[in-house]
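Everything numeric in this text was worked out from a predicted model, so none of it was measured. Protein chains get the first letters and strands the later ones, always in sequence-line order, with residue 1 at the start of each. Just so you know, these numbers use all the heavy atoms, side chains as well, and skip hydrogens, waters and symmetry mates.
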2 protein chains.
Amino acid sequence: MDTMSHLREFGAVDAYLKECASRTVLAAIANKWTCLLVDALQDGPVRFGELRRRLDGITQKSLTQTLRTMERDGVVVRTVYPTIPPRVEYSLSELGQSVVALMAGIRRWSEDHVPEIMAARDRYDLRAAEDPRPVPVD
Amino acid sequence: MDTMSHLREFGAVDAYLKECASRTVLAAIANKWTCLLVDALQDGPVRFGELRRRLDGITQKSLTQTLRTMERDGVVVRTVYPTIPPRVEYSLSELGQSVVALMAGIRRWSEDHVPEIMAARDRYDLRAAEDPRPVPVD
DNA sequence: CTGTATCCTAAGCGATACTG
DNA sequence: CAGTATCGCTTAGGATACAG
């Protein structure tokens with residue numbers, strides 16, 4: 001039997017399966033920039049330049065690219081005001097709003113457990129110095 | 001003032017800041033393999049080979065690497081049973097368990113919104129065919 | 001202001017071969 | 001069984017320059 005295609009027809013929507021569409025969705029939303037952008041947009045429309053300032057360290061290219069992907073997935077709505085100079089606002093669609101709690105939760109969890117995790121890293125790296133096993137960088 | 005270092009000392013734990021440790025934590029957990037691994041381990045210890053089978057499409061290298069990073073961050077506990085052949089089990093630490101609900105939530109959201117998102121992609125790509133703007137792949 | 005285009009480097013990942 | 005080591009490709013992403 002062919003489990004590689006027509007997954008929706010067979011009702012097999014399972015992110016554990018390589019060829020399942022839900023895997024591409026998971027890959028699309030499970031990354032830092034998407035997470036921060038959903039979080040940043042939760043209180044209403046934000047302009048491109050403002051997003052660039054809020055997401056410290058993101059390049060214009062990455063921001064454009066991530067927003068474009070989110071727009072394509074129907075998570076974000078892009079509104080262009082035909083003024084001079086142009087003004088573009090990004091906001092969450094209803095679909096985007098449905099994932100706000102999850103994304104905000106992840107951001108908050110990351111912030112809340114920094115001391116714990118930094119300590120764990122220090123401990124691991126210390127033990128790895130004695131017992132030589134490969135150490136992931138950051 | 002220097003906002004680039006000693007963030008913990010100043011109490012500025014903010015994932016929006018490039019140099020903040022919480023940003024590295026966010027980057028570490030906000031990716032598909034980590035999400036699926038936390039989800040896969042939520043019901044108890046699982047062996048390496050079993051994880052490789054469950055996470056369809058992951059290579060041995062990526063699996064080892066991701067598990068190592070999670071172990072270093074204190075999210076996962078690695079237990080080696082000195083048998084022949086060797087048997088290694090991975091389980092969630094208490095820290096890991098504290099993020100299960102979020103990760104499972106993301107996996108479920110991805111699966112639940114597949115039709116909606118696939119439709120959005122089709123719509124976007126169709127409009128992009130007429131009005132030529134760059135289209136993200138996947 | 002909000003992008004696009006290009007170049008270039010670094011990281012991710014698959015494939016393969018090998019080990020205790 | 002559970003890894004390590006290496007190669008080589010593909011992609012992500014930073015820097016820079018330029019445009020509507």
Quiz item: Just checking A:Tyr90: base, sugar-phosphate only, or nothing, at a heavy-atom cut-off of under 4.0 Å?
Solution: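 Sugar-phosphate: the residue A:Tyr90, judged by heavy atoms under 4.0 Å, touches backbone atoms but no base.
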
Quiz prompt | Pairing residues for A:Trp109 by the ring-ring contact (aromatic ring centres under 6.0 Å, His included) criterion, not counting sequence neighbours | solution =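 Only A:His113 meet the ring-ring contact (aromatic ring centres under 6.0 Å, His included) criterion with A:Trp109.
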
Would you say [X] places a side-chain N or O within less than 4.0 Å of OP1 or OP2 belonging to [N]?
X       : N     : result
B:Arg47 : D:dA2 : yes
B:Arg78 : D:dG3 : yes
B:Arg53 : D:dC1 : no
A:Arg87 : C:dT2 : no

Length of the [atom1]-[atom2] vector between [X] and [N], whole Å:
X       : N      : atom1 : atom2 : result
B:Arg52 : D:dG3  : CZ    : C1'   : 9 Å
A:Asn31 : D:dT11 : CG    : P     : 17 Å
A:Asp56 : D:dG13 : CG    : C1'   : 16 Å
B:Ile84 : D:dG3  : CD1   : P     : 16 Å
B:Leu67 : D:dC1  : CG    : P     : 17 Å
B:Leu63 : D:dA2  : CG    : C1'   : 10 Å
B:Glu71 : D:dG3  : CD    : C1'   : 13 Å

Quiz item: Using a cut-off of 4.0 Å between protein heavy atoms and nucleotide atoms, how would you tag nucleotides 12-20 of chain C 5' to 3' with B, S and -?
Solution: -BBB----B

Quiz item: For A:Ser93 and A:Gly74, which heavy atoms make the closest approach, and how far apart are they?
Solution: OG-O, 2.5 Å

Quiz item: Looking at A:Ala15 and A:Leu26, what are the two nearest heavy atoms and their distance?
Solution: CB-CD2, 4.2 Å

Practice problem: Go through the side-chain N and O atoms of A:Asp73 and B:Tyr124 and say whether any donor and acceptor fall under 3.5 Å apart. | Solution: no

Quiz item: Going by distance alone, is a donor N or O of one side chain under 3.5 Å from an acceptor N or O of the other, for A:Thr24 and B:Arg121?
Solution: yes

Quiz item: So, does B:Ser62 use its side chain to make a donor-acceptor pair with the main chain of B:Thr59 at under 3.5 Å?
Solution: no

Quiz item: Got a salt bridge between B:Glu19 and B:Arg23, using NZ or NE/NH1/NH2 to carboxylate O under 4.0 Å?
Solution: no

